[in-house]
Amino acid sequence: MTTTPGATPMTAPSALRFEHHEEPFGIGEDRPRLSWQVRTDAPGWVQTAYELELGPDTTSLASYGRVDSAEQLLQPWPARPLASRERVAARVRVWGNDDGGPSDWSPVAWVEAGLLNAADWQASMIRPSWDEDSTSDEPASRLSTTFELDGAVASARLYASAHGIYVASINGRRVGQDLLAPGWTSYHHRLRYQTYDVADYLRPGTNVIGFEVADGWWRGNLGFQEKRNKYGYRTAVIGQLEITDAQGRLSVISTDGAWQAGRGPVLSADLYNGETYDARLADAGWAGHGSRSLEPVVAEDFNTALLVAPDGPPVRATEELPVQEVLTTPSGKTILDFGQNLVGHVRIRVRGEAGTEVVLRHAEVLEHGELGVRPLRVARQTDTYILRGTGVRGSGAVEQYSPEFTVHGFRYVEVSGWPGELDPEAFTAVVVHSELKRTGFFECSEPMLNQLHANVVWGMRGNFVDVPTDCPQRNERLGWTGDFQVFASTASFLYRIPGFTASWLKDLAAEQGTDGPPPLVVPEVTFDKPPFPTRPVMAAWGDAAVLVPWVLYQQTGDREFLRRQLPGMAAWLAAAADAAGPELRFEQGFQFGDWLDPAAPPNDPGAARTPWQLVAQAYLAYSASIASQAAALLGEDSESLRLRELSRQARTVFRKHYIADDGQLQPATQTSYALALRFGLLEPEEHPAAGERLAETVAADGYRIATGFVGTPLVTDALSDEGQVEAAYRLLLQTECPSWLYPVTMGATTIWERWDSMLPDGTINPGDMTSFNHYALGAVADWMHRTVAGLAPAGLASRKLLVRPLPGGGLTWAAARHETPYGEAAVRWEHGAGSFTLSLTVPAGCTASVYLPDGSEAVEVGSGTHSFNCEPEVFAGTAGTPQLSALP
């Protein structure tokens, strides 16, 4: 081993963060905890102390003293609590074990509180006074007013939210970059508001402020059972503009009964169906334009205590893609291929006669050369733009259009009504999702695995649109708890998700309450038709109440995730135990089980080879053990003991009914063995034989996938844990259907819902439920990060790393890097001609245990850059990553 330190040790803290916010502006915490990273060239560096300075500006920073601590994450706010609207500058410096002096100060970071109290709101929730028919897609409404300004503006903040989705504008200029605001929460429990810095939007004299609001999740089509008006029948907005002038005087312009309402160019808007925009009406409906069509507004009863600041980042445009190819279908239609299945919308630039209608119809795939719209079910995914054109101001000008109030899942766009010759450069695909920070990367010597990993990333991007949806295209797009539960570990490597997930977990807790199981989807959309009762006990789905906060705790070290969710964990496990009956054994009823086992018929996705009863029994034992650990960490000792006993009893029942006298699982499926091995349901001495039997089962299945949503995230780990590394690689690298790489051979650019969403002849799966962008089955990427590349956490927030690559499958190199809360960790290995080399970067303040594939003892290293080499004749391929959790 060699270690490569920097020539001259230099240490400096950076990346000062407040709670889990990406943008600490308008936050809802009055005592935000602080975290920082440290960059240093000193090998083995560990923090020994820190000092924080805070103040109202950079010239008035006050020290809060040296704190002797090695902790860099979530340190207490040292000052008095923030007041509403208060803005504070902060910086930190650190001491380490390298010398006796402090580091340089970090760059100054700013945090600003939002409106922390319901009484801070003077504004009313207002809506148009006219009658509406909310049984179908309604036009967007415009609500606006004018106001006067004298003199210079020192600062201005706009606080806003809506029943519906809104865009704010001041003096004809769109405010901010957020899309689909205020996003989707459990609106009757909590409604997020946004904070915007709008000082640059204002001008002396007359100003116009307005909001355009459309149906969105509030009253638009929602779910797959053709529901509308889930939360209400009328859209409305609330906004409060606070302006401070150069003399420090505050003016407040709030939505109230004096505002006016009008109709603008958005003739209809729906998240599923799309948007129709008549550019001839672009200027209509605003105050201050001499319009005679404005009408009064109505101030609604609204409890401002429901308004909360966001925890996670907003939805925004994050990337743009050009057209890759223009196609003509067998029926003569024109289709644009953007080369990537994505979520967002298309921006067009067009010139033509007034009234010309350009129609864009979106879909994920082609079927026999035509747009494949059957998987969309009743979602139309169609945008229509009606040109402003000649005869009005701007005659002959190029017009640009991007829909504001919808989002589509697509790779292909069918264009009709285009005036003149179609120029592919007139179209741009705008990628839209929550603006999460990318933190994890993987690549290796096998191009198809690189494409698989890219598909996982794009699948996550497309489905993390404010909530973690199952699919982004058809009439569903719901926050299915089971999907997120199995993918949470993968997601937490690829992107920084604590703020995003904190919001979703708060909705889960609000919807669940303190009694019974959580809903199947969060935010909750109830189901009217069997087999979807409103609140069923559904193993793996309900277990999200336990396992998702546990993943977040492991990733961040933040016990608040556990504290907030512990009542829901207990409520879920009580409901599950009650459903199991007095013998704690699941027998009757319906559960999803190992959903979408490839052996299940197209229209019966729950008909898995592994009985749902076995799945439910395993999850009860495992989740109860995790909840027991969570309770113990929070000092809830009696609750911890109770949950530990529940876990023990459920495990005993599992062993009695699903393990034969000869030690074999009954039934002997990939999923049953994966669950038993990974959930701690076997005794240590039983593991080697079970690993061999799992490998035999995989071989008997032709090294093809034989697992659904439950077994798929576990099976490769279960194999590699027990030394069956080559079996795991053969399963991973299989290209025949069903397999992870079969979709890659078919040109997939995202993860499919079904292993055979598209059949080899190019026909879409005949089932009623087929999506080409589902992230759940992409959870195998977690194993690729931890085992193929060998970069795994071994301690909270990755303060300790486990570096244990298990080469196989003919790969000659692999690499992964991940920005942990402490900084970037990276691994790269190569082998050939009997030699193996590994390079490793460990962040400051962290350590790593390194296992080389020759079977040698672990090497313990501290922060810095390290190199290792060995010459194994045969890779040891024994131990993989540790079990997810040993039962207490």
Side-chain angles (χ1 to χ4, degrees), residues 179 266 268-277 279 317-352 356-387 398-433 458-459 461-463 465 471-475 477 747-750 758 762 764 770-773:
L179 299 173
V266 179
S268 67
D270 184 77
L271 291 171
Y272 295 173
N273 292 333
E275 181 176 298
T276 298
Y277 186 98
T318 62
E319 188 176 351
E320 296 184 353
L321 298 178
V323 172
Q324 297 297 309
E325 189 175 4
V326 179
L327 308 170
T328 301
T329 74
S331 65
K333 296 181 174 64
T334 299
I335 289 183
L336 311 176
D337 177 7
F338 287 96
Q340 172 64 53
N341 194 16
L342 61 98
V343 171
H345 57 254
V346 174
R347 184 178 66 242
I348 63 172
R349 290 173 55 83
V350 61
R351 186 199 307 266
T356 301
E357 293 191 11
V358 175
V359 179
L360 308 177
R361 194 177 179 212
H362 305 72
E364 295 183 298
V365 295
L366 301 179
E367 185 174 29
H368 306 307
E370 301 288 348
L371 200 66
V373 297
R374 184 173 61 81
L376 303 180
R377 300 192 295 222
V378 300
R380 295 198 295 270
Q381 284 212 136
T382 300
D383 295 332
T384 301
Y385 180 70
I386 304 170
L387 273 68
V398 173
E399 304 175 34
Q400 181 169 296
Y401 167 68
S402 293
E404 287 275 14
F405 300 111
T406 192
V407 66
H408 308 301
F410 67 98
R411 171 176 172 170
Y412 300 95
V413 177
E414 180 184 290
V415 182
S416 59
W418 190 261
E421 184 178 353
L422 186 143
D423 178 4
E425 294 187 1
F427 302 86
T428 301
V430 180
V431 181
V432 171
H433 54 80
W458 276 99
R461 293 176 71 180
N463 281 292
V465 181
C471 61
Q473 72 301 96
R474 68 186 181 220
N475 59 325
R477 313 186 194 186
T749 60
T750 43
M758 181 166 283
I764 295 170
T770 298
S771 160
F772 293 89
N773 195 351

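Along the sequence shown, the residues carry numbers beginning at 1.
- Shown here are the side-chain contact (heavy atoms from CB on, under 4.5 Å) partners of Ser416, two or more places apart in sequence or in another chain: Val359.
- Shown here are the side chain to side chain donor-acceptor pair (under 3.5 Å) partners of Asn463, two or more places apart in sequence or in another chain: Thr469, Asn773.
- Nearest heavy-atom pair, Trp418 versus Asp423, reported as atom, atom and distance to 0.1 Å: NE1-N, 4.4 Å.
- Here the shortest heavy-atom pairing between Val326 and Pro424 reads CG2-CB, 3.9 Å.
- By the side-chain contact (heavy atoms from CB on, under 4.5 Å) test, Ala429 pairs with Leu321, Phe338, Leu342, Phe410, sequence neighbours left out.
- Two residues are said to be in side-chain contact when any heavy atoms from C-beta on lie closer than 4.5 Å; Tyr272 and Val378 fail this criterion.
- A heavy-atom distance below 4.5 Å is found between the side chains of Leu327 and Leu366.
- In this structure, CG on Asn273 lies 10.5 Å from CG on Leu376, to the nearest 0.5 angstrom.
- Considering every non-hydrogen atom in both Pro419 and Val350, the closest pair reads CG-CG2, 3.6 Å.
- Annotation: side-chain contact (heavy atoms from CB on, under 4.5 Å) contacts of Thr328 (sequence neighbours excluded): none.
- You'll find the side chain of Val415 stays beyond 4.5 Å of the side chain of Ile335, heavy atoms only.
- Here Pro403 pairs with Glu275, His345, Asp383, Tyr401, Thr406 under the side-chain contact (heavy atoms from CB on, under 4.5 Å) rule; sequence neighbours left out.
- The distance from atom CD of Gln324 to atom CD of Gln340, rounded to the nearest 0.5 Å, is 10.0 Å.
- Between the side chain of Thr428 and the main chain of Arg347, no donor-acceptor pair closer than 3.5 Å is present.
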* Asked: Leu336 and Leu422: side chain to side chain contact (heavy atoms under 4.5 Å, CB included), yes or no, with the steps?
  -> CA-CA 10 Å; Leu336 311 176; Leu422 186 143; 4.0 Å; yes
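- Residues satisfying the side chain to side chain donor-acceptor pair (under 3.5 Å) criterion with Ser771, sequence neighbours excluded, are Gln473, His774.
- Atom-to-atom distance recorded for Arg474:CZ and Thr770:OG1 is 7.5 Å, nearest 0.5 angstrom.
- Between Pro375 and Gly372 the shortest heavy-atom distance is CD-O, 3.6 Å.
- Side-chain contact check for Tyr385 versus Leu360: every heavy-atom pair is 4.5 Å or farther apart.
- A donor-acceptor contact shorter than 3.5 Å links the side chain of Gln381 to the backbone of His362.
- When every heavy atom of Gly417 is checked against every heavy atom of Val358, the shortest pair comes out as O-CG2, 3.8 Å.
- Taken from CG in Leu387 to CD1 in Ile348, the straight-line distance is 7.0 Å, to the nearest 0.5 Å.
- Taking CZ of Arg461 as the reference point, atom OG1 of Thr318 lies at 4.5 Å (rounded to 0.5 Å).
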* Worked check of side chain to side chain contact (heavy atoms under 4.5 Å, CB included) between His408 and Val413 -> CA-CA 10 Å; His408 308 301; Val413 177; over 6 Å; no
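- Between the side chain of Arg361 and the main chain of Leu371, no donor-acceptor pair closer than 3.5 Å is present.
- Taking Asp337 as the reference, Arg411 meet the side chain to side chain donor-acceptor pair (under 3.5 Å) condition, with sequence neighbours excluded.
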* To do: Using the side chain to side chain contact (heavy atoms under 4.5 Å, CB included) rule, take Phe405 and Val266 through it: C-alpha gap first, then chi angles, then the decisive distance, then the call.
  => CA-CA 9 Å; Phe405 300 111; Val266 179; 4.0 Å; yes
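- Checked against side chain to side chain donor-acceptor pair (under 3.5 Å), Tyr412 has no partners two or more places apart in sequence or in another chain.
- Not counting sequence neighbours, the partners of Arg377 by the salt bridge (Lys or Arg N to Asp or Glu O under 4.0 Å) test are Glu476.
- Residues passing the salt bridge (Lys or Arg N to Asp or Glu O under 4.0 Å) test with Glu357: none are found, sequence neighbours excluded.
- Applying the salt bridge (Lys or Arg N to Asp or Glu O under 4.0 Å) test to Glu370 and every residue at least two apart in sequence or in another chain returns nothing.
- Atom OH in Tyr277 sits 11.0 Å away from atom CD1 in Ile386 (nearest 0.5 Å).
- With Thr749 contributing its side chain and Asn341 its backbone, the two residues share a donor-acceptor pair below 3.5 Å.
- Residues meeting the salt bridge (Lys or Arg N to Asp or Glu O under 4.0 Å) test with Arg374, sequence neighbours left out: none.
- By the 4.5 Å heavy-atom criterion applied to side chains, Val465 and Pro472 are not counted as neighbours.
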